[in-house]
Protein chains: 2
Amino acid sequence: MAVEKNEVSLTTIQRLKQVAQSEFMKHGYAATKTRDIAEKAGVNLALMNYHFRSKENLFEIIMRENIDKLFSFILPTISDKDTSLSQKLDLLSEQYIATIIDEPSLPIFVLTEIQHNPERFGNQIRFKSEIMESAYLAQLKQADPDTDPVQHLITYLGILLFPFFMKPVLSASGKVSEQGFKASMAERQKQAPAWMKRILGIF
Amino acid sequence: MAVEKNEVSLTTIQRLKQVAQSEFMKHGYAATKTRDIAEKAGVNLALMNYHFRSKENLFEIIMRENIDKLFSFILPTISDKDTSLSQKLDLLSEQYIATIIDEPSLPIFVLTEIQHNPERFGNQIRFKSEIMESAYLAQLKQADPDTDPVQHLITYLGILLFPFFMKPVLSASGKVSEQGFKASMAERQKQAPAWMKRILGIF
DNA sequence: AATAAATTTAAACAGATGTTTAAAACATTT
DNA sequence: AAATGTTTTAAACATCTGTTTAAATTTATT
């Protein structure tokens, strides 16, 4: 009995999760060391296993949250039957870039780890029902009946997310600063919907 | 003296490189074990170090080749001053998708490892001179003077490459087969230039 | 054929790394 | 205050993993 979720244990668990999230994102699962997580969280090494059983289990918890952050959070927007396609494109651009801008390595992290372990994480994306049968997809199909709407969905995701994949390249080549990247993403946030509307031929 | 590059050592080295390439692409650098490479190449463990000095050195060789495969191979196309922007967009779509279709995990692999080790690999992309001063970029600027041409470059790369990033997600969700993916990429190969031309407002 | 060089092998090394153990410290309940 | 449960710690364990060594084998040179 005794404690359910007291102050101390919560902050310990949260510190571990925070540091784990940061380390996993920076180095990927395999290159992240439990000792680094413990050290940077300022807790004893064995505490990680006490609270999370194993590195793998901790990782799975983190992954679940990040997959949600990358895919599931847009479900309300794309499922809304009361907004037009044009409005959805505006909203998606705004929401996606605003969400990812502060965690720019999230997309590449999630997609990399899904690729390294497809059987484990692939099915966590509620792709079939919620996305495939969304109003968004139907509206894409209506706007361009000749093209598989999934292709347009991928294209728009690419327009919104691909710059985050290229960020390390741009940064390392000394071509773009942190400031400059954020500015260019703010600009893209405004232009992306218009670009997609031109592709779809809607105005 | 003696041997320079005889039959046997070449095939051993090539087998090691082939397997290393495949293993690094599947699991990433950190999760790839030297023992796996040796075993799958059918050579003794120590031979890898004899021929390549270290796992890291072998990886760097592989990476150099893959960065070229992802970025440098388009330099002739984008530098050509005798082709129009429209022609370049056609060529890029054709070349990029044809090159990557047989190695679909190449883009995510390269960009992930650049992110994990930006100082080492980031500067290997000849971004400044060859790309920034290319005819392609000038023509993008001319077509849309109000937008940073680098942004259009990134957008088009996203349209062409992002589906490869999504492939594990689509596959794992059981929504798309290997066959289906290739077919959709063939379709995209045809449509992508038209989409980009609509974004740029050229016809 | 004899010698030298290059390649391959089996075995071991050294350090890293995820995890466990057993005890201590701390908090809660009775 | 004693007893019970929870959290934290230091240390050790067991395995994995990149690399090296020294000898054997194969290939090339003279």
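Bear in mind the structure is a predicted one, so any value in this text is a computation, not a measurement. All chains are named by letter (A, B, ...) in the order of the sequence lines, taking the proteins before the strands, and each is independently numbered beginning at 1.
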Roughly how many Å is it from CD in B/Glu23 to P in D/dT17, rounded to a whole number?
-> 12 Å
A/Asn66 versus A/Gln21, side-chain donor and acceptor atoms under 3.5 Å = yes
Decide yes or no for B/Val176 and B/Lys167: does some side-chain heavy atom of the first lie under 4.5 Å from some side-chain heavy atom of the second?
-> no
Can you tell me if the side-chain N/O atoms of B/Thr12 get under 4.0 Å from OP1 or OP2 in C/dT7?
-> no
Does the cation-pi check pass for A/Lys88 over A/Tyr156, that is, NZ or CZ under 6.0 Å from the six-membered ring centre and within 45° of its axis?
-> no
Taking OP1 and OP2 of C/dA6, is either one under 4.0 Å from a side-chain nitrogen or oxygen of B/His51?
-> no
Using distance alone, with no hydrogens and no angle criterion, decide if B/Asn57 and B/Ser54 have a side-chain donor and acceptor under 3.5 Å apart.
-> no
Distances under 3.5 Å only, N/O to N/O: pair up the protein atoms with those of nucleotides 17-20 of chain C.
from, atom 1, to, atom 2, distance (Å)
C/dT17, OP1, A/Lys33, NZ, 2.6
C/dG18, OP1, A/Thr32, O, 3.3
C/dG18, OP1, A/Lys55, NZ, 3.1
C/dG18, OP2, A/Thr34, N, 2.8
C/dG18, OP2, A/Thr34, OG1, 2.7
C/dG18, N7, A/Arg35, NH1, 2.7
C/dG18, O6, A/Arg35, NH2, 2.9
C/dT19, OP2, A/Lys55, N, 2.8

Are A/Lys197 and A/Ser86 linked by a side-chain donor-acceptor pair shorter than 3.5 Å?
-> yes
State, without any angle test, whether A/Arg188 and B/Thr155 hold a side-chain donor-acceptor pair at a distance under 3.5 Å.
-> yes
Would A/Gln191 and A/Glu187 count as having a side-chain donor-acceptor pair, cut-off 3.5 Å?
-> yes
Are side-chain heavy atoms of A/Tyr29 and A/Glu56 found at a separation under 4.5 Å?
-> yes
Each base of DNA chain C marked ( ) or [ ] if paired in-strand (Watson-Crick or G-U under 3.5 Å), | if paired to another strand and . if unpaired gives ||||||||||||||||||||||||||||||
